[in-house]
Amino acid sequence: MRFEGLELERYREPQEGSRIVFRDGKMEVPDDPVIPYVEGDGIGVDITPVMKRVLDRAVHKAYGGKRRLVWWEIYAGQKAMDLFGTAIPKDSFTALRYFRVGIKGPLTTPVGGGFRSLNVAFRQELDLFACVRPVRWFDGVPAPLKRPQDVDMVVFRENTEDLYAGIEWEMGTEEAGKVIRFLRDMGKEVREDSGIGIKPISKTGTERLVRMAIRYALDNKRKSVTLVHKGNIMKFTEGAFMKWGYELAKREFGDLTVTEQEVMELHQGVVPEGKVVIKDRIADAMFQQILLRPSEYHVLAMPNLNGDYMSDALAASVGGLGLAPGANMNDQVAFFEATHGTAPKYAGQDKVNPGSLILSGVLMLEHLGWREAAELVVRGMEGAIRDGIVTYDLARQREGAKEVSCSAFGEAVCERM
Ligand code: NAP
């Protein structure tokens with residue numbers, strides 16, 4: 001057996017490559033990491049091979065033969081159904097836990113299957129508590145913002161609490177009545193004909209998310225982390241998110257961070273060299289800020305619901321979700337993904353835009369610490385889009401653009417690295 005402790009039921013273990021390990025809490029990436037990947041349903045067959053080719057070319061260009069990604073296919077969705085009779089074989093979870101970094105195409109939720117959503121199943125099973133979405137603009141992409149080039153933010157959205165752990169009782173049910181009577185005993189009046197919803201936000205959940213966001217800002221030399229909340233209304237959930245976030249920043253990163261208030265009161269408005277500014281904004285104000293003053297924001301950390309709206313609004317502000325990359329991660333495992341769906345009507349036509357998955361691959365390369373390769377892919381994407389060599393979705397919005405296939409777009413990216 002090549003990989004000690006890798007217990008697979010149905011998959012054959014990878015025949016080459018090495019495992020990413022953690023030593024003293026730090027990730028150590030070999031030169032030939034095994035990368036488990038899920039091709040994905042629908043247009044997965046089109047975009048996933050293109051993403052792999054583009055990343056391979058970038059890695060080769062950046063490091064010669066010294067480094068390479070060892071792709072290892074794991075299964076979920078229809079392909080898993082066809083091969084193993086289940087939408088996600090247990091081995092897929094095992095593989096991600098063991099190899100720690102993976103990437104996936106979009107997945108259809110099988111109707112009548114055991115899972116609410118396969119994406120949610122991955123998140124829950126692996127406790128991937130942060131949904132990470134970088135948002136930036138590419139020159140040549142039509143965008144509603146006047147200065148989309150000012151948008152360069154990374155959203156860290158909490159993935160396990162708040163609305164995602166929401167508990168509800170329908171109006172008129174015995175349970176709703178019980179809760180209403182209980183609340184009355186607690187001195188709180190709620191109308192009899194109310195539905196009841198509860199959203200928990202914990203200190204544990206908040207701290208691990210904010211910690212990850214601050215670490216990211218430090219590692220990637222981002223100037224600020226903004227805690228986005230509705231603490232003016234809900235003090236002990238939304239407000240606590242902010243309070244616990246500030247406390248954690250002070251306790252664990254006190255010498256590396258400074259609050260916005262401290263910048264004003266102690267440093268005459270000038271951020272001390274090398275420090276990340278911690279600030280907070282109320283969610284509705286933040287929606288204005290991303291439109292009016294985006295250049296003042298770099299990393300955003302927020303509870304689930306705020307993050308849901310904000311990620312999509314930000315992506316729309318720079319030209320839509322089609323190019324938005326994403327990842328779900330915890331401190332041990334990171335699973336990168338295209339943020340769009342399976343677009344079944346285009347499946348197998350070599351037509352759609354592989355940009356979202358390619359950029360998720362960039363995020364993955366950055367996560368591995370392979371920055372040179374990540375930069376090459378970005379340069380290739382910038383070049384192709386700037387030159388107007390784009391897939392149908394961008395071509396239809398842009399006069400004079402040359403519409404190419406999914407794979408030809410990948411080639412255009414490679415040629416411009
Ligand atoms: P969708 O697959 O994202 O497709 C909606 C439309 O978005 C497409 O018809 C197409 O627009 C455009 N589009 C999506 N991906 C594109 C790409 N790569 N390049 C160019 N255009 C693209 O959303 P949906 O139709 O609502 O969902 C279909 C299935 O995907 C569902 O089963 C859903 O559950 C699943 N889904 C999965 C994920 C995931 O795995 N992360 C996320 C969302 C949805 P035009 O028709 O205008 O060309």
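Just so you know, ligand 1 is whichever comes first in the structure, and atom 1 is the first atom listed for that ligand.
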**OP:** Between Gly77, Gly341, Gly42, flag the one that comes closest to atom 43 (C) of ligand 1 by a heavy atom.
**Re:** Gly341
Subject >> NZ/NE/NH1/NH2 to OD/OE distance under 4.0 Å, Asp127 and Arg208 >> reply: yes
Original post:
Can you check whether Asp350's main-chain N or O pairs, donor with acceptor, with Asp46's side chain at less than 3.5 Å?
Top reply: yes
Original post:
Side chain or backbone of Arg396 under 4.0 Å from ligand 1, or both, or neither, by non-hydrogen atoms?
Top reply: side chain
Original post:
From atom 26 (O) of ligand 1, is the closest protein heavy-atom distance below 4.0 Å?
Top reply: no
**OP:** Hey, could you give me each pair passing side chain to side chain donor-acceptor pair (under 3.5 Å) that has a residue in residues 167-177? Not counting sequence neighbours.
**Re:** none
Original post:
Just heavy atoms, cut-off under 4.0 Å: does Ile43 contact ligand 1 by side chain, backbone, both, or neither?
Top reply: side chain
Subject >> Salt bridge flag under 4.0 Å for residues Asp82 and Lys79 >> reply: no
Original post:
So, for atom 7 (O) of ligand 1, does the protein have a heavy atom nearer than 4.0 Å?
Top reply: no
Subject >> Nearest neighbour in protein (non-hydrogen) for atom 39 (C) of ligand 1 >> reply: Asn119 ND2, 3.2 Å
**OP:** Answer yes or no: does an N/O atom from Ala343 fall short of 3.5 Å to an N/O atom of ligand 1?
**Re:** yes
Original post:
Any nitrogen or oxygen of Leu107, main chain or side chain, under 3.5 Å from a nitrogen or oxygen of ligand 1?
Top reply: yes
Subject >> Lys/Arg cation over aromatic Phe84: Lys90, 6.0 Å, 45° cone >> reply: no
Original post:
Got a donor-acceptor contact below 3.5 angstrom from the Asn330 side chain to the Phe129 backbone?
Top reply: no
**OP:** Specify the protein heavy atom at minimum distance from atom 16 (C) of ligand 1: its residue, its atom name, and the distance to 0.1 Å.
**Re:** His340 CG, 4.1 Å
Original post:
Backbone or side chain, does any N or O of Tyr346 fall under 3.5 Å from an N or O of ligand 1?
Top reply: yes
**OP:** Assess the side chains of Tyr37 and Lys104: does a donor N or O sit below 3.5 Å from an acceptor N or O?
**Re:** no
Subject >> Region of Thr342 engaging ligand 1 - heavy atom pairs below 4.0 Å >> reply: both
Original post:
Counting each atom of ligand 1 from 1 as listed, which ones have a heavy atom of Pro106 under 4.0 Å away?
Top reply: 40 (O)
Subject >> Which of the ligand 1 atoms, numbered from 1, are nearer than 4.0 Å to a heavy atom of Thr108 >> reply: 32 (O)
Identify every side-chain donor-acceptor pair in residues 233-242 under 3.5 Å, counting partners at least two apart or on other chains, and give the distances.
unit_1 : atom_1 : unit_2 : atom_2 : d
Glu238 : OE1    : Lys230 : N      : 2.8
Glu238 : OE1    : Asn306 : ND2    : 3.1
Glu238 : OE2    : Lys199 : NZ     : 2.5

Subject >> Protein contact for atom 1 (P) of ligand 1 (heavy atom, distance under 4.0 Å) >> reply: yes
Subject >> Arg67 with Asp31: basic N within carboxylate O range, under 4.0 Å >> reply: yes
Original post:
Has Lys345 got any heavy atom lying under 4.0 angstrom from an atom of ligand 1?
Top reply: yes
Original post:
Does an N or O from Asn353, backbone or side chain, lie closer than 3.5 Å to an N or O of ligand 1?
Top reply: yes
Original post:
Between Tyr98 and Arg19, is there a cation-pi geometry (under 6.0 Å to ring centre, at most 45° from the normal)?
Top reply: yes
**OP:** Could you tell me whether some N/O pair between Gly105 and ligand 1 is separated by less than 3.5 angstrom?
**Re:** no
Original post:
Out of curiosity, Leu118 CG to Thr108 OG1, how far, rounded to the nearest 0.5 Å?
Top reply: 8.0 Å
Original post:
Hey, is atom 19 (N) of ligand 1 under 4.0 Å from any protein heavy atom?
Top reply: yes
Original post:
Between Arg136 and Phe138, is NZ or CZ placed under 6.0 angstrom from the six-membered ring centre and within 45° of the ring axis?
Top reply: yes
Subject >> Identity and separation of the nearest protein heavy atom to atom 12 (C) of ligand 1 >> reply: Tyr392 OH, 4.4 Å
